[in-house]
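Here the structure comes first, spelled out in structure tokens, and everything after it is commentary.
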Number of protein chains: 2
Amino acid sequence: MARAGLTADRVTLTGAELADEVGLEHVTMSAVARRLGVKDASLYAHVRSLEDLRGRIALLAADEKTIRIAEAIAGRAGKDALVAYANAWREYARDHPGRYTATQIPIRIDPELVARATGPRRAVELTYSMLRAYALDEPDLTDAVRLMRSTFHGFTSLEAAGGFAHSRPAEDSWVRCLDALHTLLTHWPPS
Amino acid sequence: MARAGLTADRVTLTGAELADEVGLEHVTMSAVARRLGVKDASLYAHVRSLEDLRGRIALLAADEKTIRIAEAIAGRAGKDALVAYANAWREYARDHPGRYTATQIPIRIDPELVARATGPRRAVELTYSMLRAYALDEPDLTDAVRLMRSTFHGFTSLEAAGGFAHSRPAEDSWVRCLDALHTLLTHWPPS
DNA sequence: CCGATTTCCTAATAACCCTAGACTATAGCT
DNA sequence: AGCTATAGTCTAGGGTTATTAGGAAATCGG
């Protein structure tokens, strides 16, 4: 009986792939086990529970998204950086809808694992870096960071849920929203 | 054996209450049936499936949220309306976290039921109304509507997920973001 | 090569979703 | 009041899932 060579990371990755294909809510222990050619019970040697698995998928997604954004904004500043950041965010959500929804659930897993995960923390730090050229001081900077993150998340989330099924292409609105955010940042604090 | 007096609406409402108390993902047919003092199978006379029930909760939430917003912005215009709208949105999400998350899932239920539901459609229309005083023309108006909705949804969603666990109170950033959006709208289109 | 550990399995329990078919309360009709 | 039709509820049961317990086999450190 050859071993399947499971690890926590492989289980997580399989779950993430499944999430992108069939939606996060259909990621079950059974489905992941089936795809890995293994019995359900075997997964519990690597993952504590289904909720734990979902949390790990969320952390994986946060890491991947952070890396993409970091690459996108490297060597850019100002509006250039803003647009690159936002597009990287949106494209990650498009490319990996299941993983992206995983990032929306409150993480309720092993705190030690969360502490070791650099993704979420670095993601916020990157947002601060991206705004550097706008030269904001605290607490304005934090407010601006939160506005950016809220808008990016809200837009991609509503778009994914089919909220923009109107006539006007979502793409056009997206470009316009980025223009607006740039204008806002250059005139911060709002008068 | 007295009848329990079930209806689709009563089942939906019970599910919604449960969602707010224990989270939407823990709303099960069994749990709803238990709360109603009824067997699981009895629910299927009123609701097609669990997914159908979730969809109905989403529609209920959309209706309720729309009503709250409509009351909030009645008789207001300009920034006054903007702030009232946004606060009503955020407070609904705070008061009914389970129902609010239900509104985020793509609705995949009986199209006839969706067509009869006025909530989601009216919600978008209300956003247009709220922006009336800013006197925008299409397609700028649609872009602005989408930006508003994205930001409101994104902020409340991130806040609910614990994304603003920083030092600065989320409330302060919220107020500042609304200032920013108002400034943006008065200078639209962004230069 | 041996003992310890890890990996994976079988087996079992409990919860859950959902269907089919039987039964019963209620409303309308005569 | 009785009869009938409808609709509301239940019992029974099949299938899936999450999770635990304990056993066997592959792997690894010495």
Side-chain angles (χ1 to χ4, degrees), chain A residues 1-59 98 101-102 105-110 112-113, chain B residues 1-59 98 101-102 105-110 112-113:
Chain A
M1 195 175 308
R3 290 200 186 181
L6 294 187
T7 64
D9 285 347
R10 235 163 79 71
V11 173
T12 304
L13 188 59
T14 304
E17 290 170 5
L18 214 51
D20 288 337
E21 292 170 22
V22 300
L24 184 65
E25 69 277 13
H26 294 121
V27 173
T28 68
M29 287 298 205
S30 319
V32 172
R34 265 195 301 276
R35 173 162 299 207
L36 286 166
V38 144
K39 297 296 172 184
D40 316 19
S42 308
L43 301 180
Y44 288 84
H46 308 277
V47 153
R48 203 184 303 277
S49 68
L50 176 62
E51 188 166 7
D52 181 49
L53 172 60
R54 292 224 171 102
R56 285 169 188 267
I57 294 174
L59 290 182
T101 53
I105 61 177
I107 300 184
R108 211 192 310 283
I109 70 177
D110 190 3
E112 187 253 341
L113 195 66
Chain B
M1 197 174 305
R3 290 200 186 180
L6 295 187
T7 65
D9 286 346
R10 235 163 80 71
V11 173
T12 304
L13 188 59
T14 305
E17 290 170 6
L18 213 51
D20 288 336
E21 292 170 23
V22 301
L24 184 67
E25 69 278 13
H26 294 122
V27 174
T28 68
M29 287 299 208
S30 320
V32 172
R34 265 195 301 276
R35 171 162 301 206
L36 286 166
V38 143
K39 297 295 174 185
D40 318 18
S42 308
L43 301 180
Y44 288 84
H46 308 278
V47 153
R48 203 185 302 276
S49 67
L50 176 61
E51 189 167 5
D52 182 49
L53 172 60
R54 292 222 172 104
R56 286 168 187 269
I57 294 174
L59 290 181
T101 53
I105 60 177
I107 301 184
R108 212 192 309 282
I109 70 177
D110 191 4
E112 188 253 340
L113 195 67

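So you know, we letter chains A, B, ... as the sequences are listed, proteins then strands, and number each from 1.
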Seminar exercise, completed: Once base and sugar-phosphate atoms are separated, protein heavy atoms under 4.0 Å mark nucleotides 17-22 of chain C, 5' to 3', with B, S and - as SBB---

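With sequence neighbours excluded, the residues forming a side-chain contact (heavy atoms from CB on, under 4.5 Å) with B:I105 are B:R54, listed by chain and number.
Rounded to whole Å, atom C1' of C:dT7 lies 13 Å from atom CZ of A:R10. Taking atom NZ on B:K39 and atom C1' on D:dG13, their separation rounds to 14 Å, with Å as the unit. Taking atom CZ of residue B:R34 and atom P of nucleotide D:dC10, one finds them 14 Å apart after rounding to whole Å.
Going from atom CZ of B:R56 over to atom CD of B:E51 covers 12.5 Å, rounded to the nearest 0.5 Å. Atom CG of residue A:D9 and atom NE2 of residue A:H46 lie 11.0 Å apart, to the nearest 0.5 angstrom.
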For this session: Given side chain to side chain contact (heavy atoms under 4.5 Å, CB included), test A:V47 with A:M29 step by step and report yes or no.
Result: CA-CA 10 Å; A:V47 153; A:M29 287 298 205; 4.0 Å; yes

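Paired with B:L53 under the rule side-chain contact (heavy atoms from CB on, under 4.5 Å), one option of B:V27, B:T28, B:L43 passes, and it is B:V27.
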Quiz: residues 14-22 of chain B side-chain donor-acceptor pairs under 3.5 angstrom, not counting sequence neighbours:
| unit_1 | atom_1 | unit_2 | atom_2 | d |
| --- | --- | --- | --- | --- |
| B:T14 | OG1 | B:R10 | O | 2.8 |
| B:D20 | OD1 | B:G98 | N | 2.9 |
| B:D20 | OD1 | B:R99 | N | 3.0 |
| B:D20 | OD2 | B:H96 | ND1 | 2.8 |
| B:D20 | OD2 | B:R99 | NE | 2.7 |
| B:E21 | OE1 | B:R35 | NH2 | 2.8 |
| B:E21 | OE2 | B:R35 | NH1 | 3.1 |

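The side chain of B:H46 places no N or O atom within less than 4.0 Å of a non-bridging phosphate oxygen (OP1 or OP2) of D:dA7. Listed pair A:S42 / C:dT7 fails the phosphate criterion, with no side-chain N or O lying under 4.0 Å from OP1 or OP2.
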